[in-house]
Student: 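This is the structure, below, for whatever I ask next.
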Amino acid sequence: MSAAEPVDLTVADLHPALGDPALTSMNFLNEVSERYPAAVSLAAGRPYEEFFDLAAVHRHLDTFHRHLVDDLGHRPEQARRLLLQYGRTKGIVHHLIARNLAVDEGITVDPEELVVTVGCQEAMFLVLRALRAGPADVLLAVAPTYVGLTGAARLVDLPVWPVAGGSAGVDLADLAAQVHRARAAGLRPRACYLMPDFANPSGVSIDTAHRQRLLDLAAQEDLLLLEDNPYGLFHSDDGPRPPTLKALDTGRRVVYLGSFAKTVLPGARVGYVVADQRVVGPGGRVGPLADQLAMIKSMVTVNTSPIAQAVIGGRLLEHGCSLVAANTRERSAYTRNLRHLVAGLARRFPALPDQPDLPDRPAVRWTVPAGGFFVVVTVPFPVDDALLDRSGRDYGVLWTPMAHFYDDTAPVHALRLSVSAVTPEQIDVGLDRLAALITDEVARRVG
């Protein structure tokens, strides 16, 4: 072979995960959106863009810079270096995140038990990489499961075992059964991943009593819980929010995964992980799991962009470190959209009590979550990527097949709608088009 001749590879020559559907899902969904840019997208879980303000980014950066000088006592050259040079692996806004968790969530955490990450996706990867110690290790995850978690697990060779979710958010009997089943097979279940608040994709939440029983089960079974909480602030009612699992955690059972993508700015790509579990190291030295995650991070991304962190830090400082206060407009918009979408489904698919499903009025069911971004619609036919492609091309509406969130190939009769990145007017247009698709698809299959 000459030096100029190209060297070709096959997927078989690369990591096995690269051929896995879990890693191709996000790319496929993005490609469909790009393929049909004129379609109304009820697929994307992106935050509402109308409140984005480029001038605010500069203001947040200045606010954090002043905090470094005025509050923390850094000399101007030190502050400049902190913002513009390579930075501390654990992050430079960890103290503000710890304050935010105390203010908004009632979580008391030492800032040194935090690692600031490149989005929550890196936080997931770091935790899974640390927990995967050998081939006997497995991860449990409430199904349907966020595909980013499944993909990250694939990349660290950590098998994912599904746990039933159901209307309560997690089936505790099934969780216990899966733990026992894994151990009986000689495997070691390391943790269970779940979103207790408005889960992606199901939209289901876990009530406070069930959260406490989950923590009790985790202690009984000596199991960690990976709590992912990107949507917890976006309740659609005015009552008190249920406490996070981490706020209820008295035994260091919960590793808490956080993100500022939905609550501040997705383009900053800043997340974090609270890992206060104690790890005994060489010579008997004891430190938080966060220290071990930081070592992994130092070999993956070195550090999270200090400038991006400063933007987040400035936003926190401007609102007394409360993201509840900072997201009043956003919460109102998501609540409005969620209620509008649910009411729109009810108008287009009225209930038919005591009547069989009719071809021209198919039985369609949907969830009514108490907040968050997502509604799951169940339909009387399988939903797949080919149908999504036809929906975008022929009907001008996009959504997400729920099959992407299950780790098998069984047909799934459901799709996910997102309310976060659209207006009420777009919701109406999108639902009209979706209703036409569903009605035509039922007629086609019956005929």
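Position 1 is the first residue of the sequence; numbering continues from there.
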Student: Within the side chain of D137, is there an N or O that forms a donor-acceptor pair under 3.5 Å with the backbone of A133?
Tutor: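 It does hold such a pair.
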
Student: Kindly write out the residues that satisfy salt bridge (charged side-chain N to carboxylate O under 4.0 Å, His left out) with R329, not counting sequence neighbours, or none if the list is empty.
Tutor: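 For R329 there are no salt bridge (charged side-chain N to carboxylate O under 4.0 Å, His left out) partners, ignoring immediate neighbours.
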
Student: When you compare the side chains of E318 and T63, does any donor N or O come within less than 3.5 Å of an acceptor on the partner?
Tutor: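 Note: E318 and T63 side chains meet the donor-acceptor criterion.
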
Student: Can you tell me how far the CZ atom of R390 sits from the CG atom of D384, to the nearest 0.5 Å?
Tutor: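 Going from CZ on R390 over to CG on D384, the span is 9.5 Å.
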
Student: For a quick check under 3.5 Å, do H404 and D385 share a side-chain donor-acceptor pair by atom type?
Tutor: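 Side chains of H404 and D385: pair found under 3.5 Å.
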
Student: Given salt bridge (charged side-chain N to carboxylate O under 4.0 Å, His left out), test R348 with D428 step by step and report yes or no.
Tutor: CA-CA 10 Å; R348 290 163 178 84; D428 284 334; 3.7 Å; yes

Student: Which residue, D20, V147, T400, forms the side chain to side chain contact (heavy atoms under 4.5 Å, CB included) with S25?
Tutor: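 Passing option: V147.
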
Student: Y256 and D228: side-chain donor and acceptor closer than 3.5 Å?
Tutor: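 Judged by distance alone, the side chains do not pair up.
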
Student: Does A326 offer a backbone N or O that forms a donor-acceptor pair with the side chain of R315 under 3.5 Å?
Tutor: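 Yes; at least one donor-acceptor contact below 3.5 Å.
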
Student: Just by distance, do the side chain of N327 and the backbone of T263 share a donor-acceptor pair under 3.5 Å?
Tutor: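 The answer is yes, because a donor-acceptor pair under 3.5 Å joins these two groups.
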
Student: Using the benzene-type ring in the case of Trp, are the ring centres of Y272 and H94 under 6.0 Å apart?
Tutor: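 Not under 6.0 Å, so no.
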
Student: Is the backbone N or O of A177 less than 3.5 Å from a side-chain atom of R181, with the two atoms forming a donor-acceptor pair by type?
Tutor: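 Looks like no, no N/O pair under 3.5 Å.
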
Student: Can you check whether L398's main-chain N or O pairs, donor with acceptor, with S391's side chain at less than 3.5 Å?
Tutor: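 No, S391 side chain to L398 backbone: no donor-acceptor pair under 3.5 Å.
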
Student: Between D13 and T10, is there a donor-acceptor pair closer than 3.5 Å when you use the side chain of the first and the backbone of the second?
Tutor: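 Yes; at least one donor-acceptor contact below 3.5 Å.
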
Student: Which value, rounded to the nearest 0.5 Å, describes the distance between L341 atom CG and R336 atom CZ?
Tutor: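 Rounded to the nearest 0.5 Å, the CG-CZ separation comes to 12.0 Å.
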
Student: Going from CG on L101 to CG on L114, what distance comes out if it is rounded to the nearest 0.5 angstrom?
Tutor: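 So the gap between those two atoms works out to 6.5 Å.
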
Student: Please tell me whether R183 and H180 have a donor and an acceptor in their side chains that are separated by less than 3.5 angstrom.
Tutor: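 No, because no side-chain N or O of R183 sits under 3.5 Å from a partner of the opposite role on H180.
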
Student: Evaluate ring-ring contact (aromatic ring centres under 6.0 Å, His included) for F234 paired with F198, printing each intermediate quantity in order.
Tutor: CA-CA 9 Å; F234 302 121; F198 319 122; 8.6 Å; no

Student: What's the separation between atom OG in S332 and atom OH in Y48, rounded to the nearest 0.5 Å?
Tutor: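 These two atoms lie 10.0 Å from each other.
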
Student: Could you list the residues that satisfy side chain to side chain contact (heavy atoms under 4.5 Å, CB included) with V324, not counting sequence neighbours?
Tutor: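 Once residues adjacent in sequence are excluded, the partners of V324 under the side chain to side chain contact (heavy atoms under 4.5 Å, CB included) criterion are D104, L233, R241, S322.
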
Student: Backbone N or O of A43 within a donor-acceptor pair of the S418 side chain at under 3.5 Å?
Tutor: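 Not a single qualifying donor-acceptor pair exists.
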
Student: Enter the distance from Y334:OH to L338:CG here, rounded to the nearest 0.5 Å.
Tutor: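 The distance works out to 12.0 Å.
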
Student: Can you see whether W366 engages T378 through a side-chain donor-acceptor pair at a distance of less than 3.5 angstrom?
Tutor: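 Checked: W366/T378 side chains show no N/O donor-acceptor pair below 3.5 Å.
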
Student: Against T145, only a single residue in F405, Y406, Y193 fulfils side chain to side chain contact (heavy atoms under 4.5 Å, CB included); can you say which?
Tutor: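 Result: among F405, Y406, Y193, Y193 is the only option passing the side chain to side chain contact (heavy atoms under 4.5 Å, CB included) with T145.
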
Student: If you count the non-hydrogen atoms of other residues, nucleotides and ligands that lie under 6.0 Å from CZ in R46, is the total more than 12?
Tutor: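 Check fails, neighbour count at 12 or below.
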
Student: Is R211 paired with D197 through a side-chain N to carboxylate O contact shorter than 4.0 Å?
Tutor: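 Yes, charged N to carboxylate O under 4.0 Å.
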
Student: Keeping the roles fixed (side chain from R154, backbone from P16), state whether a donor-acceptor pair exists under 3.5 Å.
Tutor: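 Pair absent, no side-chain N/O of R154 close to backbone of P16.
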
Student: Quick one: CD on E50 to OG1 on T423, what's the gap to the nearest 0.5 Å?
Tutor: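 So the CD of E50 and the OG1 of T423 are separated by 8.5 Å.
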
Student: Just jot down the side chain to side chain contact (heavy atoms under 4.5 Å, CB included) partners of T301, sequence neighbours excluded, or say none.
Tutor: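 Checked T301 against side chain to side chain contact (heavy atoms under 4.5 Å, CB included); matches are V118, E122, K297.
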
Student: Is it true that the side chains of T24 and N27 contain a donor and an acceptor less than 3.5 Å apart?
Tutor: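 No, N27 and T24 have no side-chain donor paired with an acceptor closer than 3.5 Å.
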
Student: Would you say D171's side chain and G165's backbone share a donor-acceptor pair under 3.5 angstrom?
Tutor: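 No: the side chain of D171 does not pair with the backbone of G165.
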
Student: Would you mind telling me which of L257, T117, L131 makes a side chain to side chain contact (heavy atoms under 4.5 Å, CB included) with L126?
Tutor: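 Of the listed options, the one satisfying the test is T117.
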
Student: Look at the side chain of Q309 and the backbone N and O of I92, then say whether any donor-acceptor pair between them is shorter than 3.5 Å.
Tutor: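 Yes; judged by distance alone, with no hydrogens or angles, the pair exists.
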
